[in-house]
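Here's the structure we're looking at; comments come further down.
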There are 2 protein chains.
Amino acid sequence: MSCRREKEGSEWEGRFRGCGYRWTLSRQAIIEALSSTSDHMSAEEVYNAVQKKHSSIGLATVYRTLEILVGMAVVLSFDFGDKRARYELAERFSKKDHHHHLVCNDCGKVVEYTEFIGDEIELLNKTEKGLSKKYNFKIDNHVIQFYGLCKKCQ
Amino acid sequence: MSCRREKEGSEWEGRFRGCGYRWTLSRQAIIEALSSTSDHMSAEEVYNAVQKKHSSIGLATVYRTLEILVGMAVVLSFDFGDKRARYELAERFSKKDHHHHLVCNDCGKVVEYTEFIGDEIELLNKTEKGLSKKYNFKIDNHVIQFYGLCKKCQ
DNA sequence: ATTGATAATGAGAATCAATATCAATAAGGA
DNA sequence: TCCTTATTGATATTGATTCTCATTATCAAT
Ligand SMILES: [Mn+2]
Ligand SMILES: [Mn+2]
Ligand SMILES: [Zn+2]
Ligand SMILES: [Zn+2]
């Protein structure tokens, strides 16, 4: 398992260095934190998680690293209506499947659903193609989210 | 046409009073500002627009009124990735048809498209129904947006 | 292992949209 | 007109995010 760790480590390391970034303790710790939860953490939550093992890592570094990770498409950033960005490993780096989100406007509960994803993806691809052609956009991203009230809050 | 104005005025007035709100000059001016543009204005832009005719109206009032209007589902609030909320009259109060948005990540250009809306709406309705049942959510809102680079920026 | 160029970092200040406070004002029912 | 109270403007405050800058860590070349 130490072997497994190292291997995973070097994959991440390779990814960073491949983009011209250095492989630092802070970045390891932040990746670690993101990998070991299924939550959609805010920057501050990532900071708190990271602090437990590495109390010297600063909040600014967390923000900076998250920005890099989003730029590398390793991490996805979401707006769920509370006034802070929320982050999650992109599906290809996590155990989760491609999913979209259903958010309670009242308590903030977030449901990840995969049930209707198939049709959604298909439609999105078709729409993307149409929009790209008609409006000359190079599309690289989409957002679909539903908002409402969860059982408890309605 | 003065007749027409008054009639429109009283419709808005009725809508406000029907919700227990008073019908004030500030609110008239803000509605007016929102009605007379097809832009997606930020709160500050609404404030600037309103200032031209009514220089006494304050920014806080603009924020408060927009909040009310969003609550009344008269105005829609969007996040286009610049760090400010953007507002637009809901389609039933504007000349625009139901549309979604395509946003340039670089220059912020926003395209309103209606081409593929039909299929999208259909899928959204189906998905909403499925999600409502499965997760016991009362869904009242959705977001679909595409992000990319416009011709100029790619 | 040592060095040197420079990327990365932590602490704290700065930014800036949005919200809260509060005394003064205006809306509208009686 | 009078009274109650919602609304308002000015201003302070909040809170997430970004910036600054002196210090430190990374890593390729010795
Ligand atoms: Mn998720
Ligand atoms: Mn629009
Ligand atoms: Zn809820
Ligand atoms: Zn552009």
Side-chain angles (χ1 to χ4, degrees), chain A residues 9-10 12-33 40-72 75 77-87 108, chain B residues 9-10 12-33 40-72 75 77-87 108:
Chain A
S10 66
W12 283 113
E13 179 174 353
R15 229 182 306 273
F16 269 80
R17 306 181 75 142
C19 294
Y21 296 115
R22 292 178 180 177
W23 182 235
T24 69
L25 179 66
S26 309
R27 287 167 184 174
Q28 291 174 48
I30 290 166
I31 294 275
E32 170 74 25
H40 307 89
M41 288 194 283
S42 67
E44 199 177 2
E45 287 168 350
V46 173
Y47 171 71
N48 290 331
V50 148
Q51 281 279 308
K52 290 176 188 162
K53 293 207 169 188
H54 307 278
S55 63
S56 73
I57 294 176
L59 180 58
T61 296
V62 172
Y63 273 104
R64 284 184 289 233
T65 303
L66 287 170
E67 187 183 16
I68 287 174
L69 289 169
V70 170
M72 291 165 66
V75 163
S77 167
F78 292 100
D79 168 22
F80 292 148
D82 57 350
K83 322 239 151 187
R84 53 191 26 153
R86 302 226 156 241
Y87 301 90
Chain B
S10 66
W12 282 112
E13 180 173 355
R15 229 181 306 273
F16 269 80
R17 305 181 75 141
C19 296
Y21 296 115
R22 293 179 179 175
W23 181 236
T24 70
L25 181 65
S26 310
R27 286 165 184 176
Q28 292 174 47
I30 289 165
I31 294 275
E32 169 75 25
H40 307 89
M41 286 196 284
S42 66
E44 197 177 3
E45 286 168 351
V46 173
Y47 170 71
N48 290 332
V50 148
Q51 281 279 306
K52 289 177 186 162
K53 291 207 168 185
H54 307 277
S55 62
S56 73
I57 294 176
L59 180 58
T61 296
V62 172
Y63 273 105
R64 284 184 289 235
T65 303
L66 287 171
E67 187 183 16
I68 288 174
L69 289 168
V70 170
M72 293 166 64
V75 163
S77 168
F78 292 100
D79 168 21
F80 292 148
D82 58 351
K83 322 244 151 183
R84 54 200 9 149
R86 303 227 155 240
Y87 301 91

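Below, chains carry the letters A, B, ... as their sequence lines are ordered, and counting in each starts from 1. What you see is a predicted model; the values in this text were computed from it and never measured.
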Does [X] have a side-chain nitrogen or oxygen under 4.0 Å from the phosphate oxygens OP1 or OP2 of [N]?
{"X": "B:R17", "N": "C:dG29", "value": "yes"}
{"X": "B:K83", "N": "C:dA18", "value": "no"}
{"X": "B:S26", "N": "D:dT8", "value": "yes"}
{"X": "B:Y63", "N": "C:dT19", "value": "no"}
{"X": "A:T24", "N": "C:dA7", "value": "no"}

Practice task
Can you label the angle between the A:F16 ring and the A:W23 ring as parallel, tilted or perpendicular, going by 30° and 60°?
Solution key: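 Rings of A:F16 and A:W23: tilted, 30 to 60°.
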Practice task
Could you tell me whether the side chain of A:R27 and the main chain of A:R22 form a donor-acceptor pair under 3.5 Å?
Solution key: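 Yes.
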Exercise for the section: Please report the closest heavy-atom contact between B:R86 and B:R84, naming both atoms and the distance. Expected result: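 Minimum heavy-atom separation between B:R86 and B:R84: NH2-CD, 3.4 Å.
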Problem - Comparing B:A60 and B:R84 on DNA chain C - which has the more 5′ nearest nucleotide - result: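 Going by which nucleotide is closer to the 5' end, it is B:R84.
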Exercise for the section: Assign each of A:R22 and A:T61 to its nearest nucleotide of DNA chain C by heavy atoms, then name whichever residue's nucleotide is nearer the 5' end. Expected result: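 Looking at the nearest nucleotide for each, A:R22 comes out on the 5' side.
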[N] [atom2] sits how many Å from [X] [atom1], rounded?
{"X": "A:Y21", "N": "C:dT9", "atom1": "OH", "atom2": "C1'", "answer": "15 Å"}
{"X": "A:E44", "N": "D:dT18", "atom1": "CD", "atom2": "P", "answer": "14 Å"}
{"X": "A:L69", "N": "C:dA8", "atom1": "CG", "atom2": "P", "answer": "12 Å"}
{"X": "B:D79", "N": "C:dA17", "atom1": "CG", "atom2": "P", "answer": "14 Å"}
{"X": "A:Y47", "N": "D:dT17", "atom1": "OH", "atom2": "C1'", "answer": "15 Å"}
{"X": "B:I68", "N": "D:dA6", "atom1": "CD1", "atom2": "P", "answer": "12 Å"}
{"X": "B:W23", "N": "D:dT5", "atom1": "CH2", "atom2": "P", "answer": "24 Å"}
{"X": "B:I30", "N": "D:dT7", "atom1": "CD1", "atom2": "P", "answer": "12 Å"}

What's [X] touching, base or sugar-phosphate or nothing? Going by heavy atoms closer than 4.0 Å.
{"X": "A:R64", "answer": "base"}
{"X": "B:S42", "answer": "nothing"}
{"X": "A:I57", "answer": "sugar-phosphate"}

Problem - Test item: A:T24 and A:T65 side chains (from C-beta on) under 4.5 Å apart, heavy atoms - result: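 Not in contact.
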Exercise for the section: Using a 4.5 Å cut-off on heavy atoms from C-beta on, say whether the side chain of A:K52 contacts that of A:N48. Expected result: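 Not touching, per the 4.5 Å side-chain cut-off.
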Practice task
Identify the nucleotide, in any strand shown, that forms a Watson-Crick or G-U wobble pair with D:dT23, with both distances under 3.5 Å; if there is none, say none.
Solution key: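 Partner of D:dT23: C:dA8.
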